[in-house]
Amino acid sequence: MWVQKQLRLKARKRGFHLITDEIVAQLPELAGVDVGLLSVFIQHSSASLTLNENADPTVRQDFESFFNRTVPENEPYYRHTYEGSDDMPAHLKASLLGASVSIPINKGQLCLGTWQGIYLGEHRDRGGARSLVATIQGRGHAAI
Amino acid sequence: MWVQKQLRLKARKRGFHLITDEIVAQLPELAGVDVGLLSVFIQHSSASLTLNENADPTVRQDFESFFNRTVPENEPYYRHTYEGSDDMPAHLKASLLGASVSIPINKGQLCLGTWQGIYLGEHRDRGGARSLVATIQGRGHAAI
Amino acid sequence: MWVQKQLRLKARKRGFHLITDEIVAQLPELAGVDVGLLSVFIQHSSASLTLNENADPTVRQDFESFFNRTVPENEPYYRHTYEGSDDMPAHLKASLLGASVSIPINKGQLCLGTWQGIYLGEHRDRGGARSLVATIQGRGHAAI
């Protein structure tokens with residue numbers, strides 16, 4: 001059983017955003033999977049996907065603070081600068097965090113831990129809408 | 001062919017721990033896979049899984065030293081602080097390193113390089129037992 | 001449908017290298033996949049795979065500059081030092097960036113964004129040839 005869908009995320013401000021519910025709502029096919037994997041992939045090099053704490057919004061604020069300090073803007077050694085001071089740091093953050101998450105599916109549900117959610121890392125000041133590809137593979141209720 | 005299992009890791013002290021053998025020992029089904037992939041997923045947001053050097057324990061010690069320096073405790077800008085000074089750094093380390101590893105399987109064996117092993121990154125002072133989900137998918141000896 | 005191949009990358013100098021075309025050229029089987037996933041896995045603990053900007057070579061230069069500053073050589077606290085000053089930083093960079101990428105496949109093509117490409121992170125001064133394992137799984141033109 002394979003399901004693959006293009007998902008569109010509305011433009012969000014720079015920072016980290018919890019998007020689990022938005023993704024799951026667009027994947028009703030999950031309910032039919034007995035055992036499988038969900039891959040969510042972001043088709044950009046200046047935004048990222050990662051899994052982290054899903055309850056306290058200050059975790060996401062601290063993520064933004066930490067990554068802004070660890071990957072500063074306007075480093076004198078940056079050579080890729082013509083798209084703005086947020087551009088090269090956005091590329092670096094994207095690779096530090098990653099472009100995809102892969103989550104097990106069991107009995108129609110994502111096997112996320114109690115405190116886990118999917119974060120969008122929006123690393124540009126004006127990143128605009130973002131495109132994801134969700135791929136479900138697994139064994140469903142009907143025989144394959 | 002799909003196999004999915006909940007694995008339980010006993011509580012370990014903060015730091016990086018080589019867990020390849022413990023995982024493989026719980027997955028005798030690997031032997032029946034001709035070609036496939038193993039996904040190992042950690043259901044927590046303050047611990048991580050990564051692949052790295054499997055031989056010299058000082059690599060794991062240097063990992064702990066490096067990540068403690070790169071993601072310090074008690075940063076004045078942290079807002080998520082009420083679970084202790086190790087908590088917010090643990091969340092950040094978890095996303096820098098990742099919540100899952102995906103490893104090819106061939107002829108019943110993981111296709112790890114000679115020097116590769118699976119690390120658990122335990123980023124809390126007292127993280128307790130940790131839950132993993134292992135998912136094997138592949139083509140086995142018998143026709144699917 | 002499963003395809004798994006060992007790919008060999010020629011020795012490259014330390015730094016980040018765009019290898020999308022080299023990988024795709026060795027996987028003509030992609031053309032027969034209607035919907036699926038490609039996993040590319042590197043069998044080493046001192047080199048990495050990541051996705052990032054595929055057009056401007058200065059992005060890759062800035063990656064090398066950033067990671068050399070963020071993961072310095074010759075830190076006095078490193079204990080794993082006998083293979084040279086580039087060795088321990090290479091292990092750390094490998095885990096910060098990751099050992100594999102997973103990319104959706106649709107209608108015979110990788111679903112990469114317009115600006116996304118596959119980077120090899122060669123973190124050793126003399127890393128030599130590198131081994132990858134490419135695994136394609138999916139639903140092909142013929143019924144499975």
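Below, chains carry the letters A, B, ... as their sequence lines are ordered, and counting in each starts from 1.
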Need one label for [X]: side chain, backbone, both or neither, based on atoms under 4.5 Å from any heavy atom in chain B.
{"X": "A/Leu110", "value": "neither"}
{"X": "A/Tyr119", "value": "neither"}
{"X": "A/Asp56", "value": "side chain"}
{"X": "A/Asn54", "value": "neither"}
{"X": "A/Gln61", "value": "side chain"}

Under a 4.0 Å N-O cut-off, is there an ion pair linking [X] with [Y]?
{"X": "A/Asp34", "Y": "A/Arg139", "answer": "no"}
{"X": "A/Arg14", "Y": "A/Asp125", "answer": "yes"}
{"X": "B/Lys13", "Y": "B/Glu122", "answer": "no"}
{"X": "B/Arg124", "Y": "B/Glu83", "answer": "yes"}

Item to complete: Check each atom of B/His44 against the heavy atoms of chain A and say whether the ones under 4.5 Å are side chain, backbone, both or neither.
Response: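 Interface part for B/His44: backbone (N, CA, C, O).
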Worksheet item: Using non-hydrogen atoms only, which part of B/Ile42 is less than 4.5 Å away from chain A: side chain, backbone, both, or neither?
Response: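 Contact with chain A involves the backbone of B/Ile42 alone.
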Practice prompt. For ring pair (Phe, Tyr, Trp, His ring centres under 6.0 Å), just list the numbers for A/Phe66 and B/Tyr78, CA-CA rounded to whole Å, side-chain angles, deciding distance to a tenth of an Å, and then say yes or no.
Written response: CA-CA 8 Å; A/Phe66 171 81; B/Tyr78 288 157; 7.5 Å; no
For chain B, find which of [options] contributes the most heavy-atom pairs closer than 4.5 angstrom.
{"options": "A/Thr50, A/Val59, A/Leu96", "result": "A/Val59"}
{"options": "A/Pro57, A/Gly113, A/Gly121, A/Pro104", "result": "A/Pro104"}
{"options": "A/Val35, A/Leu97, A/Leu112", "result": "A/Val35"}
{"options": "A/Val101, A/Ile103, A/Thr70", "result": "A/Ile103"}

Item to complete: Kindly determine whether A/Ile19 and A/Leu9 satisfy side-chain contact (heavy atoms from CB on, under 4.5 Å), including the steps that lead there.
Response: CA-CA 9 Å; A/Ile19 58 169; A/Leu9 297 179; 3.9 Å; yes
Worksheet item: When rounded to the nearest 0.5 angstrom, what is the spacing between CZ in B/Arg8 and OG in B/Ser131?
Response: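 Reported value, rounded in 0.5 Å steps: 4.0 Å.
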Fill in: Any donor-acceptor N or O pair under 3.5 Å, side chains A/Asp87, A/His80
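A donor-acceptor contact under 3.5 Å links the two side chains.
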